[in-house]
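Let me begin by presenting the structure, written as structure tokens, before commenting on it.
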Amino acid sequence: MVMIRAARVDEFARLTEIELDAFVVWAQACGVTSQPYASPEFILQRSFDQDLLFVAETDATGHVAGFAAGQAVGSYLYIVEIDVERAAQGQGIGRALMAAMLGKAREAGHKYAVLTTDRFAPFNAPFYAKMGFRILEKWETPPFLQERLDQQIADGLDPARRVAMHLDLRAH
């Protein structure tokens, strides 16, 4: 049983732990050899301030096993991060977090959801494609998202693997 709810500020340290734990699986799948890193606290705070920071509790004790962070950018919901700790992966928690995020975006009147991700890792682009996202061509990528993608590549991620994805919230 998974319960998705809004995150609390006092959980930011736990969210960092989850992201660092999940980094191991992502790095192995994507061939990344850099030191593990997590989103800076100001990113979590921005998502929190926009009511776009969700956590997944997996048991009656309130254990937080995953989180999703988003950011409103005009008519877009930019999905900044979704992570699930290794011990809880493969149980539908990522899908439940994404559903909550997309539901919130629809309620807020956003037209589109966008993200950047790895093209090949099965829990990245293929996962999002099953939820209705499609890979964007460079010419159709919103400027703010292209800047994010360019920064990820400048930070050392493989440009052949990085993609931007888009979901029309009005159609899904």
Side-chain angles (χ1 to χ4, degrees), residues 12 15-48 50 52-54 56 66-86 88-90 92-102 104-105 110-172:
F12 284 10
L15 305 187
T16 297
E17 290 173 0
I18 292 167
E19 189 170 357
L20 290 172
D21 183 66
F23 180 92
V24 174
V25 174
W26 176 81
Q28 288 172 345
C30 300
V32 173
T33 58
S34 66
Q35 290 296 315
Y37 57 88
S39 301
E41 188 171 307
F42 79 87
I43 297 288
L44 297 175
Q45 186 67 52
R46 184 183 305 150
S47 295
F48 177 83
Q50 294 183 357
L52 292 171
L53 187 61
F54 296 92
F67 77 97
Q71 178 183 349
V73 182
S75 60
Y76 294 92
L77 164 67
Y78 169 49
I79 299 162
V80 178
E81 193 72 36
I82 294 185
D83 286 302
V84 177
E85 67 182 355
R86 286 180 281 176
Q89 290 177 358
I93 294 170
R95 184 172 301 281
L97 284 162
M98 180 63 87
M101 183 73 73
L102 297 177
K104 181 71 171 185
H110 296 290
K111 295 178 183 176
Y112 313 103
V114 293
L115 54 87
T116 61
T117 194
D118 183 84
R119 178 186 304 270
F120 302 115
F123 49 85
N124 281 182
F127 167 79
Y128 298 121
K130 289 177 188 171
M131 297 190 81
F133 283 80
R134 69 177 179 81
I135 294 175
L136 292 171
E137 298 296 330
K138 187 170 183 152
W139 62 267
E140 63 182 336
T141 303
F144 79 91
L145 194 60
Q146 186 62 52
E147 287 173 20
R148 179 71 181 127
L149 200 55
D150 292 345
Q151 185 60 57
Q152 292 169 348
I153 292 165
D155 288 343
L157 296 181
D158 184 348
R161 296 185 69 108
R162 296 307 294 171
V163 293
M165 296 187 79
H166 173 274
L167 176 72
D168 187 331
L169 293 169
R170 302 164 300 176
H172 285 88

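- In terms of heavy-atom proximity, L102 sits nearest to A113 at CD2-CB, 3.6 Å.
- Atoms CD1 and CG, on I93 and D83 in that order, are 12.0 Å from each other to the nearest 0.5 Å.
- The minimum heavy-atom distance linking I82 with A68 is given by the pair CG1-CB, 3.7 Å.
- Using a 4.5 Å cut-off on side-chain heavy atoms (C-beta onward), L53 and L15 make contact.
- For the pair A164 and T141, the tightest heavy-atom approach, listed with the atom from each and the gap, is CB-CG2, 3.9 Å.
- Residues L77 and A105 share a closest heavy-atom pair of CD2-CB, 3.5 Å.
- A 4.5 Å side-chain heavy-atom check between D118 and R162 finds at least one atom pair inside the cut-off.
- A donor-acceptor contact shorter than 3.5 Å is absent between the side chain of S47 and the backbone of Q71.
- Listed by chain and residue number, nothing satisfies the side-chain hydrogen bond (donor to acceptor under 3.5 Å, both in side chains) test with E137 (two or more places apart in sequence, or in another chain).
- Contact annotation: the side chain of K111 never approaches that of L169 to less than 4.5 Å [non-hydrogen atoms, C-beta and beyond].
- Ring geometry for Y112 versus Y76: interplanar angle of 30 to 60°, hence tilted.
- Once rounded to the nearest 0.5 Å, the distance linking CZ of R170 with NE2 of H110 reads 13.5 Å.
- Rounding to the nearest 0.5 Å places CG of L44 at 5.5 Å from OG1 of T16.
- By the ring-ring contact (aromatic ring centres under 6.0 Å, His included) test, F12 pairs with no residue at all, sequence neighbours left out.
- Put simply, OG1 on T116 and CG on L136 are 11.0 Å apart, with the number rounded to the nearest 0.5 Å.
- To the nearest 0.5 Å, the span separating CE on M131 from CE on M98 amounts to 5.5 Å.
- Q50 contributes atom CD, which lies 11.0 Å from atom NZ of K104 (distance to the nearest 0.5 angstrom).
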Hey, mind stepping through V163 and T117 against side chain to side chain contact (heavy atoms under 4.5 Å, CB included) and telling me if it holds?
CA-CA 6 Å; V163 293; T117 194; 3.9 Å; yes
When the side chains of residues 143-150 are checked against the rest of the protein, which donor-acceptor pairs come out under 3.5 Å, sequence neighbours left out?
residue, atom, partner, partner atom, Å
Q146, NE2, D150, OD1, 2.8
R148, NE, Y78, OH, 2.9

Residues F133, I79; criterion side chain to side chain contact (heavy atoms under 4.5 Å, CB included); working and verdict
CA-CA 12 Å; F133 283 80; I79 299 162; 3.9 Å; yes
